[in-house]
Amino acid sequence: MVSSVAPSAQQPSAPWVHYQVCASSNLSQADRALFDSLARDLAGVVRERGGRIAAPAADRTCVSVQEVTAAIGQVAAANQTSVILDGPAYRTLSRTSADVLAKSGLRPVNPRLFTRPLYIFETTDSALKGSKSPFVGVLLDREVSGAAIVAAVAAATGEPSVRIVAFNTAAELARCFERGSTDPANSRCPGTFGWAAFLEQDASTTLSSFQAAYAKAAGKPPVPLNVQKLRPGLYGDNPDQLLLIAADRDFPQIGERRPDSTRALAAIPRVDGPALEDRLLQETRREQSWGASLWALVGVPVSAAEELPRYPFPVVLGSPGFPDPGVRALIADGYVRAAGAWQVSPCTASAERLHRAYLLNAYLENPDDRSTRLGLGSALSVARGSAGGLDDVLRKLQLGANPSEWRDALATPAGSSATCVAATTRERFPEDRLFFANPNLVSQYRAMEHLRRAGGETGTERRDSLARAGACLREALSRVAGPSCHAAERSTYSFYYNPYFYFAVQQASGGRDAK
Amino acid sequence: VTRGTSIALLLVSCFAVRPAWGQSNERIYEDLDFRFVTPGARAVAMGKTFIGLADDATAAVSNPAGLSNLLEQEFSFEFTGTRIKHQRFFPSADGELQTFGETVVTPSFFSYVIPVRRATISVFLNSVQDYRESFEIGDRFVPSLGDFEDGAFGSLSVQVNSYGVGGAYVLSRSLSVGGSATLLSLNVASQARSGTPFSPRNGTNTIDSDLAWSGLAGALFKPTPRVAIGFTFNKGATFDARTQLFGQFLFTLQTTPPTRLDVNRTGEVRDVNYVIPDRYGAGISWRARNNITLLADVSRINYSQQITDRFLVADFQDPDARVSADNFYINDVYEIHAGAEWRFYGTGRTISVRGGVYTDPDHRLRFQSGGNNPNHPADPLLNFRFNTGRSTTDVGYTAGAGITLFNRVQIDGAASFSPDANQIVLSTVVRLP
């Protein structure tokens with residue numbers, strides 16, 4: 001069975017062999033739809049370019065993790081190979097067949113960036129402060145190794161020789177951070193700790209537990225370390241886990257408290273390799289200020305209480321040199337669609353941060369695409385609000401400084417006859433009523449409906465729906481000055497209104513304008 | 001929408017009378033305070049303005065045309081706590097007032113709204129009035145007579161509820177019209193006596209109920225996306241009720257000179273009306289910024305309609321007094337309301353802060369001589385009682401806040417402070433997917 005999907009050396013006419021690993025059974029419906037969409041698009045490109053989809057049987061289009069493991073173990077070096085698999089499958093593959101994966105030379109080509117806040121507390125023990133105890137107790141997400149944060153913590157604390165000690169519970173860390181520092185002889189703690197650090201997607205629970213436990217033991221709350229000295233950039237020597245630190249910048253979020261100034265934001269490439277390292281380092285060297293400001297903008301601090309949902313984004317593995325720009329564009333589109341597929345309330349800080357992270361990923365994969373530039377630029381504009389200061393970033397994104405002028409670049413493509421009409425002859429509300437309720441709502445309402453319908457259509461119908469969605473979005477943009485996270489649907493109700501983002505979704509979903 | 005206060009009913013009850021001028025003629029329903037307040041804590045907090053905005057389910061009563069703003073089903077509930085401050089005239093040289101009233105807490109509004117294409121249908125229940133008061137005043141000196149009149153005491157409970165079915169229809173992109181048909185129910189229970197609780201001399205009992213049809217109509221015009229102008233007409237209603245006399249009443253024998261004596265009218269019944277007047281309103285809302293809305297309403301209330309053919313000052317049924325309904329009047333008034341709402345859109349919720357101000361012009365019952373017997377004690381007494389009180393325009397202030405969660409649940413609170421009542425209103429609007 002396995003051999004049946006392995007590429008054969010007698011197939012020189014098929015230099016590109018593509019494997020699609022069957023979607024994991026525990027994927028949510030939305031994740032499954034995204035995976036299927038990207039897999040379908042990728043398969044289309046493979047066929048278009050003369051490649052071959054490896055399939056074990058005529059009635060099967062996907063392979064199991066075991067089958068692909070066997071296959072990539074026999075792959076010919078001369079072949080160009082690609083594999084698409086979802087997050088859970090990739091974790092299984094990397095855990096059970098790491099050696100095969102390493103030997104195959106396949107690398108993840110769409111490294112995902114996740115952001116999470118970094119908290120550091122420092123001891124108040126003056127004696128300990130004077131001794132410069134190098135121990136740092138840490139609580140980390142399981143995907144992150146202690147080694148990954150050494151450099152960042154060293155930079156933040158000013159102590160170059162810090163030693164990381166990982167803890168399993170916040171209570172234990174609090175106990176050692178307090179008691180261990182004052183009376184090491186009577187403590188089972190592994191050392192005296194000068195600092196305690198947290199790097200988790202959702203640190204709210206552990207932080208509160210830590211603070212409560214520490215306050216109970218010490219009779220006072222722990223003191224957060226001001227990490228302003230932690231400059232934006234890449235930290236760490238481990239090529240498998242670099243820590244990217246974004247400056248803790250305060251952007252106005254209506255109704256949100258000013259974030260704690262002693263907090264930094266870290267973005268961790270969950271899956272990476274030399275290619276990512278090189279690329280990010282090159283980006284950093286080439287455009288230090290540009291890269292730093294962009295990362296800083298993407299990493300808008302949010303309340304630690306807000307959870308960052310884990311997203312099992314599809315992973316594409318490829319041979320060295322793979323993929324080409326066309327595939328990169330497909331992956332970029334996948335990121336945009338992923339951002340649009342989240343079942344989280346838009347306009348929440350966590351959702352917006354995720355949007356920006358994925359839109360940044362999309363931009364990095366395909367920086368020349370107008371829709372991804374608009375999508376990222378609009379998300380940054382929404383986050384920045386009236387504070388402005390995006391001129392340099394927008395210039396890099398090849399966007400004008402005034403978002404209200406962006407719509408001018410979205411003239412209806414030549415040859416397009418699509419208009420913003422109702423998605424159905426029996427639209428729920430007549431146009432007059434929609435206009436009466438909110439003139440700005442009509443185009444958005446219809447664009448969303450066309451996009452929704454396109455998601456369930458194929459072929460000509462899908463193209464038509466996407467074209468109409470594009471027309472509605474252009475119409476919406478003609479009426480609205482710029483992207484806004486909140487537009488008043490009615491006085492006290494609001495809706496997410498960033499047509500540039502939805503334009504990116506429309507383009508990424510197959511509605512891209514003809515060049 | 002809004003309206004202000006006051007009168008309606010002038011079931012004038014009476015207190016009996018001594019043969020001379022010491023009798024009491026207190027009207028228990030004088031200055032009775034109607035709840036012409038638009039429902040919804042949001043509207044109350046904005047100076048009781050809503051005619052020009054009308055963008056949630058409470059529009060069913062405040063301006064039904066505004067229901068066309070709704071694209072989802074909505075429920076709305078409201079609870080009101082009112083500290084009634086009924087200021088009864090306590091005659092003195094400087095027109096001193098004495099305040100009575102009770103605190104009334106009541107579920108005051110419910111509505112359900114469902115949009116169907118161009119139309120929107122609503123059903124609602126509105127507490128038009130829930131008034132309770134107990135009062136007791138002592139003897140009052142009447143300067144023009146150089147003598148005292150009896151004190152008076154009594155209690156009053158009036159509930160007027162409105163059960164309505166209404167709707168709105170979008171005529172064009174900028175114009176919606178709406179209307180409602182309402183069935184009003186009146187339940188009144190009052191007892192008023194002259195004298196003291198230990199020695200009542202006369203009075204009236206009014207314990208009755210009635211139903212009356214009414215309706216309201218509205219229009220909402222949006223010349224620009226940020227401006228809306230509303231118009232409303234609320235048809236009033238006239239209830240029929242009966243009041244029963246108790247005790248001794250003045251009667252004049254046409255002798256020379258006239259002889260005034262008491263006659264016992266206990267058990268006699270009189271027909272009276274309880275009137276809710278017509279109201280007209282116009283309002284404008286302007287969304288000055290995405291998060292700020294300014295509103296203003298003007299309402300005319302035809303309080304003069306409360307003087308009906310059945311208007312009765314039971315005190316002076318003495319034919320010699322020749323007092324008729326023509327001797328009484330109430331001014332129609334214009335109320336002005338203004339308010340503002342600041343919204344703070346945030347993560348999963350919108351927080352609103354509101355404030356407003358409104359006027360409540362004087363609309364007391366007044367007496368005018370003419371056609372009556374100027375030599376009868378009724379003339380100076382009625383003139384004294386109804387025309388001594390100061391004519392002032394009350395100014396009320398309102399404030400409130402609200403939160404809208406996940407674009408589905410809106411919870412609002414409001415407080416209103418005015419010379420005739422302090423009010424706390426809590427309401428919620430639930431939007432169904």
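All figures in this text were calculated on a predicted structure; none of them were measured in a lab. The sequence lines fix the lettering, A, B, ..., with proteins before strands; numbering per chain opens at 1.
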In short, A:Pro430 meets B:Arg118 closest at the heavy-atom pair CG-CG, 3.5 Å
B:Leu171 and A:Asp432 have their tightest heavy-atom pair at O-OD2, 4.2 Å
Heaviest contributor of heavy-atom pairs below 4.5 Å to chain A, chosen from B:Ser176, B:Ser285, B:Gly402, is B:Ser176
Check your understanding: If you draw a 6.0 Å radius around CZ in B:Arg289, do more than 12 non-hydrogen atoms from other residues or ligands fall strictly inside?
Key -> no
Quiz item: Less than 4.5 Å apart, any side-chain heavy atom of A:Phe436 and any of B:Leu220?
Solution: yes
Answer yes or no: is there a donor N or O on one side and an acceptor on the other, between the side chain of A:Arg433 and the main chain of B:Arg117, under 3.5 Å? yes
Between B:Ser68 and A:Ala437, the two heavy atoms sitting closest are O-CB, 4.2 Å
Most contact-rich option vs chain A, by heavy-atom pairs under 4.5 angstrom, among B:Ile403, B:Ile351, B:Leu70, is B:Leu70
Honestly, the part of B:Leu67 sitting under 4.5 Å from a heavy atom of chain A is backbone
Under 4.5 Å to a heavy atom of chain A? For B:Asn291 that would be neither
Most contact-rich option vs chain A, by heavy-atom pairs under 4.5 angstrom, among B:Leu175, B:Asp56, B:Asp412, B:Leu53, is B:Leu175
Whatever's closer than 4.5 Å to a heavy atom in chain A on B:Arg42 counts as side chain
Given B:Ser352, B:Gly66, B:Ala119, the one with more heavy-atom pairs under 4.5 angstrom with chain A than any other is B:Ala119
If one checks every heavy atom of B:Val116 against chain A at 4.5 Å, the contacting part turns out to be backbone
